[in-house]
Amino acid sequence: MRANVAGRLLQHYVDKSRSLPWRSPPGSPAPDPYRVWLSEVMLQQTTVAAVAPRFERFIARWPTVQALAAAPDEDVLGEWAGLGYYARARNLIACGREVAERGGFPDTEAELRKLPGVGDYTAAAIAAIAFGRRAVVIDSNVERVAARLQGLANPTKSQLREAVEAITPDERSGDFAQAMMDLGATICRPRSPLCADCPLRSDCAAFASGSPELFPKPKAKRRKPVRYGIARWIERDGTIWLVRRPSRGLLGGMAALPGPDWTDEKPEPREVLAQVRHVFTHFALELSIVRSDEAPGDGWWQPIRSLDQAGLPTLYRRAVDAVLSSGVKIAA
DNA sequence: AACACGTGGTG
DNA sequence: TCACCAAGTGT
């Protein structure tokens with residue numbers, strides 16, 4: 001019985017609730033839209049464990065969207081450093097200012113969807129969780145759960161949408177969405193699903209097939225090429241020269257060590273202070289850090305002792321760590 | 001419709 | 001070591 005699926009799922013979620021640490025339990029009054037928006041954006045392609053402490057820092061520093069909107073770009077980007085997918089932080093800044101300007105968050109999915117950095121998933125999640133609207137919330141967990149319930153190995157977006165729509169309740173669709181995502185994260189996992197613990201297994205075609213992990217079929221992966229880069233260590237009086245990367249593209253807007261564009265060809269061997277290998281989404285980078293006294297352009301002298309406050313993304317934080325722990329003499 | 005876009009945890 | 005993958009969005 002389809003009508004029962006949502007009820008059983010919600011009951012399971014209430015009993016074994018694993019909701020986000022900062023979110024009130026299922027059935028509570030609707031949470032602050034600002035907090036829902038901020039955490040949902042942070043959670044895009046990012047684990048709960050990684051988000052939790054960063055979310056708390058953001059909220060402590062900027063308790064309202066008005067406070068966030070008033071913050072300088074570099075403060076927000078610096079607070080985001082290490083979280084990855086930095087376009088999210090750039091969109092967060094733009095979105096926060098737009099929302100503060102208009103006096104608050106819109107309360108419908110269609111209006112939320114127009115905000116920068118708010119796509120189909122996030123708009124539906126905010127509408128359902130923060131505003132109690134019925135919305136069909138679809139993330140990769142929900143897709144997997146739906147594909148398995150229906151036994152679809154190669155589902156289309158519209159098949160998935162229809163499947164989720166059919167079981168989304170009119171009331172508490174926000175709790176329902178969180179229950180679906182929670183189920184996907186803890187029981188209906190991509191690999192080795194724990195069907196024995198699943199409240200929906202009696203309705204599940206994939207379980208009935210005996211090989212639930214084959215639904216949906218995993219996508220083919222592409223090889224990662226290696227690229228090469230040089231970063232300059234320009235040191236003076238216990239400081240090093242940092243720059244801000246161009247505001248678009250990879251690590252856009254983030255603080256960085258200066259250096260030329262990265263290349264596909266391995267550079268000629270030279271004396272390096274340190275080397276780091278860093279894996280991005282679609283390529284791996286081998287970055288060599290070389291000492292330099294080149295006359296700097298735009299940038300600033302960052303005290304070596306306070307490098308951790310520079311808001312460096314992980315690539316450059318690792319590069320700096322590699323130099324500082326290399327034993328090379330640094331006048332810090 | 002593909003592809004760009006980060007990072008850390010896990011097996 | 002390494003592949004997989006995470007409460008996706010923008011172009």
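Proteins get letters first, then strands, A, B, ... in listed order; numbering begins at 1 in each.
Note: CG (A:N91) to P (C:dT11) measures 8 Å, nearest angstrom.
Side chain A:T281 to base B:dG6: a donor-acceptor pair is found below 3.5 Å. The base of B:dG6 sits within donor-acceptor range of the side chain of A:T46, with an N or O pair under 3.5 Å.
Of the listed nucleotides (B:dT7, C:dA7, C:dA6), C:dA6 has the atom at the smallest distance from the side chain of A:P190. Considering only side-chain atoms of A:R222, the nucleotide from B:dA4, B:dG6, C:dA6 that sits closest is B:dA4. Set against B:dA4, C:dA7, C:dC4, the side chain of A:H282 has B:dA4 as its closest nucleotide. Set against C:dC4, C:dA7, B:dA4, the side chain of A:R23 has C:dA7 as its closest nucleotide. Among C:dG8, C:dA7, B:dT7, the nucleotide with an atom closest to any side-chain atom of A:Q45 is C:dG8.
For the residue pair A:R54/A:T46, the side-chain donor-acceptor check at 3.5 Å is not satisfied. Under 3.5 Å, the side chains of A:R270 and A:S288 contain no donor-acceptor pair of N or O atoms.
The P atoms of B:dA2 and C:dA7 are separated by 25 Å, rounded to the nearest whole Å.
The nearest heavy atom of DNA chain C to A:R248 and to A:D182 marks one nucleotide each, and the one closer to the 5' end goes with A:D182.
The aromatic rings of A:F58 and A:W80 lie perpendicular to each other, with more than 60° between the two planes, well past the 30° mark.
Around atom NZ of A:K217, no more than 12 heavy atoms belonging to other residues, nucleotides or ligands sit under 6.0 Å away. For A:E56, the CD atom is densely surrounded, since the number of other residues' heavy atoms within 6.0 Å is greater than 12.
Residue A:R318 has a polar side-chain atom (N or O) positioned under 4.0 Å from OP1 or OP2 of B:dG8.
Listed in residue order, the members of residues 107-126 of chain A having a heavy atom less than 4.0 Å from DNA chain C are A:R113, A:P116, A:G117, A:V118, A:G119, A:D120, A:Y121, A:T122.
A distance below 6.0 Å separates the ring centres of A:W241 and A:W301.
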